[in-house]
K.L.:
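Can you read through this structure? Questions will come right after.
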Amino acid sequence: MLHRKPLPSVYQFAQLLAALVKMKRYSVAVSLFRDMCVKSIPVNIVTLSTAINCFCHLNRVDYAFSLLAGTIKRGFHPDVVTYNTLIRGLISQDNPAEAQLLFTNLIRFKLIQPDVVTYTTIINGLCKRAHASTAVTLFRYMDKKGCKPNTVTYSTLIDCLCKLRLVDQALGLLHEMTKKGITPNVITYNSLIQGLCDFNRWQDVNQLLSEMNTRNISPSVHTFNILVDAYGKEGMINDAEDVIEFMIQRGQHPDVVTYSALMDGYCLRGEVDKALAVLETTMKKRGIVPNIRTYNILINGYCKKLKVDRAVDLFQQLPREGLSPTIYTYNTILQGYFLTGRHVEARNFFDEKMMLNKALTLNNITCSILLNGLCQNRFVVEALSFFDTMLSAGLIPDICIYGTLIDGLSKNGHLEKARSLFDNLPLKGLRPNVKTYTMMIQAYCHDGLLNDANELFLKMEANGCLPNDVTYNTLIRGFFHNKKYNEAGVLMDEMCARGFSADASTASALLDLLKSQEQNPALLALRKKFLT
DNA sequence: ATAGGGTTAG
């Protein structure tokens, strides 16, 4: 194009950029745009907006805004499309406050009139941050302002409601849109099918599929992938295979996502070798190239089967396949080593493979795997020193990390350290959850501090955290071990009243007690309670 | 008339 004389028009360059965007080749588009600027090829607001969009997709909203400044400086007028792009960029960069500010200023200074895309973008951003009710309010507001929601707006809201597990509300919106004459598309249905699959509502799924059929909306590869994944996760591997067979019959081509979902299904059943066969035969035969997620599934499968060496073989095979491991890959193998008691290899793997890899961002999962693994192997000092390493690497520990640490410390004879960590959680802006409370209660019980345990049990509910079945069972066993059978009985009644029941471990603890103290009246009363 | 922005799966 650059060598053509006369030069192709700005339209044709815009089309080329758009094609690259469609293929998600954002950095290629950006370098082409730069090339155009250097060679003084005319640009306009359309090509400029496309470049701004590319920067946003590359997570460089800062560059996007400096290009916006350049755009205005060169005398072009950013329009509603330009600003919608920037609003989406800010939201996707997790900066909703700036997005909000941009939106209000655009309206205040009458720079643009928000359109249906503006509202849809913001509704999506709100929903993805779990502000569903605000999103619905905005949804009703735009309608009132004369900006009619369209298929994409409804699909966005439906998808978000499904992800918040409000599937029936989402189905209500489907009904509402069709009544208004706004036709759902395959994306609308895919979101709903996913939402229903999450609840194993197979009958409703089939009803939606036949509804699609009546409306002449063909299921896409996406649709089938949702089904393969859902069946695989439920262990219904034959159904998953049937879906793939069906989609091929209908002329759809399964892709890497389809087969990865199938492989995950096999791995969850422990049939990792079958998953490997899918990769080595079916995918190869069909010319489908596996990606890192495909390998992660296999690596995870082998680790869960305690075949860590096979997992490491696959890990070492990655560069040959042109793939780079992700933090998920590393975390999986690290956990595999600990799971099989190979803590020396785990620590070498962490030191040599993970710490030295500059491209890797260690996360809270890494931290909790390490802390848990070290504590379970009685390396408390090392665990604490790793914790410090992670902190100085800039990691912000979440409540799960503290839970792991509290549990590990208390199980290795450091109850007071665990207690002080627990008590200082509010100072770190963290609230204990039901697991954290339960671990601390267990710690107190283990050291015979039943009063502290009971006090905390009462306190958690007062703090708005309801005990669950694990909490009750933990405290009841604590009373058993400290010969407080009457207290155990009272708590057992309370637990049953709340719809929980004694678990296997509590039951066997009681049976052991009964065996050794056949005539203890308190225990006999407990047995009566327990057996009825 | 031809070009840019918002929604779905592992």
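Just so it is clear: chains get the letters A, B, ... in the order the sequence lines come, proteins before strands, and each one is counted from 1.
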K.L.:
Using the side-chain heavy atoms of A:Ile187, tell me which of these nucleotides is nearest: B:dG6, B:dA9, B:dT7.
P.N.:
B:dT7
K.L.:
Whether A:Asn124 contacts B:dT7 is assessed here as follows: a side-chain N or O lying under 4.0 Å from the phosphate OP1 or OP2. Is that the case?
P.N.:
yes
K.L.:
Under 4.0 Å, counting only non-hydrogen atoms across every strand here, what does A:Ala261 touch: a base, just sugar-phosphate, or nothing?
P.N.:
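Nothing, no heavy atom under 4.0 Å.
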K.L.:
Just to confirm, is there a sub-4.0 Å distance from OP1 or OP2 of B:dA9 to any side-chain nitrogen or oxygen of A:Lys163?
P.N.:
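Looking at the OP1 and OP2 atoms of B:dA9, one of them is under 4.0 Å from a side-chain N or O of A:Lys163.
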K.L.:
Over how many whole Å does the gap from A:Ile288 atom CD1 to B:dG10 atom P extend?
P.N.:
18 Å
K.L.:
Using only modelled atom types and a 3.5 angstrom limit, is any donor from either the side chain of A:Thr50 or the base of B:dG4 paired with an acceptor on the other?
P.N.:
no
K.L.:
How many whole angstroms separate atom NE2 of A:His57 from atom C1' of B:dG4?
P.N.:
11 Å
K.L.:
Round to the nearest Å and state the distance from A:Leu126 atom CG to B:dG6 atom P.
P.N.:
17 Å
K.L.:
Rounded to the nearest angstrom, tell me the gap between atom CG in A:Leu161 and atom P in B:dT7.
P.N.:
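In whole Å, B:dT7 P and A:Leu161 CG are 16 Å from each other.
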K.L.:
Would you check if the distance from the ring center of A:Phe55 to the ring center of A:Phe65 is below 6.0 Å?
P.N.:
no
K.L.:
Determine whether the side chains of A:Thr404 and A:Ser368 contain a donor N or O and an acceptor N or O closer than 3.5 Å.
P.N.:
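There is no such pair (donor and acceptor under 3.5 Å, judged by atom type) between the side chains of A:Thr404 and A:Ser368.
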K.L.:
So what does A:Asp255 hit on the nucleic acid, given a heavy-atom distance under 4.0 Å: a base, only sugar-phosphate, or nothing?
P.N.:
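Since a base atom lies under 4.0 Å of A:Asp255, the category is base.
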K.L.:
If you look only at pairs with a residue in residues 229-240 of chain A, which of them pass as a side chain to side chain donor-acceptor pair (under 3.5 Å), with sequence neighbours excluded?
P.N.:
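Sorted pair list: A:Asn200-A:Glu234, A:Asp229-A:Lys233.
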K.L.:
Which part of the nucleic acid does A:Thr121 contact within heavy-atom distance under 4.0 Å: base, sugar-phosphate only, or nothing?
P.N.:
sugar-phosphate
K.L.:
Whole angstrom is fine here: how far is it from CD1 in A:Ile182 over to C1' in B:dG6?
P.N.:
15 Å
K.L.:
Near DNA chain B, which residues from residues 152-159 of chain A have a heavy atom under 4.0 Å away?
P.N.:
A:Val152, A:Thr153, A:Ser155, A:Thr156, A:Asp159
K.L.:
Would you mind classifying the nucleic acid contact of A:Ile45 as base, sugar-phosphate or nothing, using non-hydrogen atoms under 4.0 angstrom?
P.N.:
base
K.L.:
Can you confirm if the aromatic rings of A:Tyr337 and A:Phe350 lie within a centre distance of less than 6.0 Å?
P.N.:
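Ring-ring flag for A:Phe350/A:Tyr337: false, centres at least 6.0 Å apart.
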K.L.:
Name all pairs fulfilling the salt bridge (Lys or Arg N to Asp or Glu O under 4.0 Å) condition that reach into residues 140-150 of chain A, sequence neighbours left out, sorted by first residue then second.
P.N.:
A:Arg140-A:Glu176, A:Asp143-A:Lys148, A:Asp143-A:Lys180
K.L.:
Base, sugar-phosphate alone, or nothing: which one does A:Val221 contact when heavy atoms must sit under 4.0 Å apart?
P.N.:
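Contact class for A:Val221: none.
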K.L.:
Of A:Glu271, A:Glu241, A:Lys274, which is the lone residue that meets side chain to side chain donor-acceptor pair (under 3.5 Å) with A:Tyr266?
P.N.:
A:Glu241
K.L.:
Give me the ring orientation class for A:Tyr330 and A:Phe315: parallel if the planes are under 30° apart, tilted from 30 to 60°, perpendicular past 60°.
P.N.:
perpendicular
K.L.:
Once hydrogens and angles are ignored, does a donor-acceptor distance under 3.5 Å link the base of B:dG6 to the side chain of A:Thr120?
P.N.:
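Such a pair is found, so the answer is yes.
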K.L.:
Let me know the distance between NZ of A:Lys22 and C1' of B:dA3, rounded to the nearest Å.
P.N.:
11 Å
K.L.:
Select base, sugar-phosphate, or nothing to describe what A:Arg88 touches, counting heavy atoms under 4.0 Å on all strands.
P.N.:
sugar-phosphate
K.L.:
Output the rounded distance in Å from CD1 (A:Ile112) to P (B:dG4).
P.N.:
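To the nearest whole Å, that distance equals 19 Å.
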K.L.:
Do the side-chain N or O atoms of A:Gln15 get closer than 4.0 angstrom to the phosphate oxygens (OP1, OP2) of B:dA3?
P.N.:
yes
K.L.:
Does A:Arg60 count as lying over the ring of A:Tyr63, i.e. NZ or CZ under 6.0 Å from the six-ring centre, within 45 degrees of the axis?
P.N.:
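Cation-pi check for A:Arg60 and A:Tyr63: passes.
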K.L.:
Check every atom of B:dT7, B:dG10, B:dA3 against the side chain of A:Asn185 and return the nucleotide holding the closest atom.
P.N.:
B:dT7
K.L.:
Rounded off to whole Å, could you give me the CZ-to-C1' distance for the A:Phe103 and B:dG6 pair?
P.N.:
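It works out to 14 Å between those atoms.
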K.L.:
Hey, does A:Thr82 reach any base, or is it just sugar-phosphate, or nothing, if we go heavy atoms under 4.0 Å?
P.N.:
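Contact class for A:Thr82: base.
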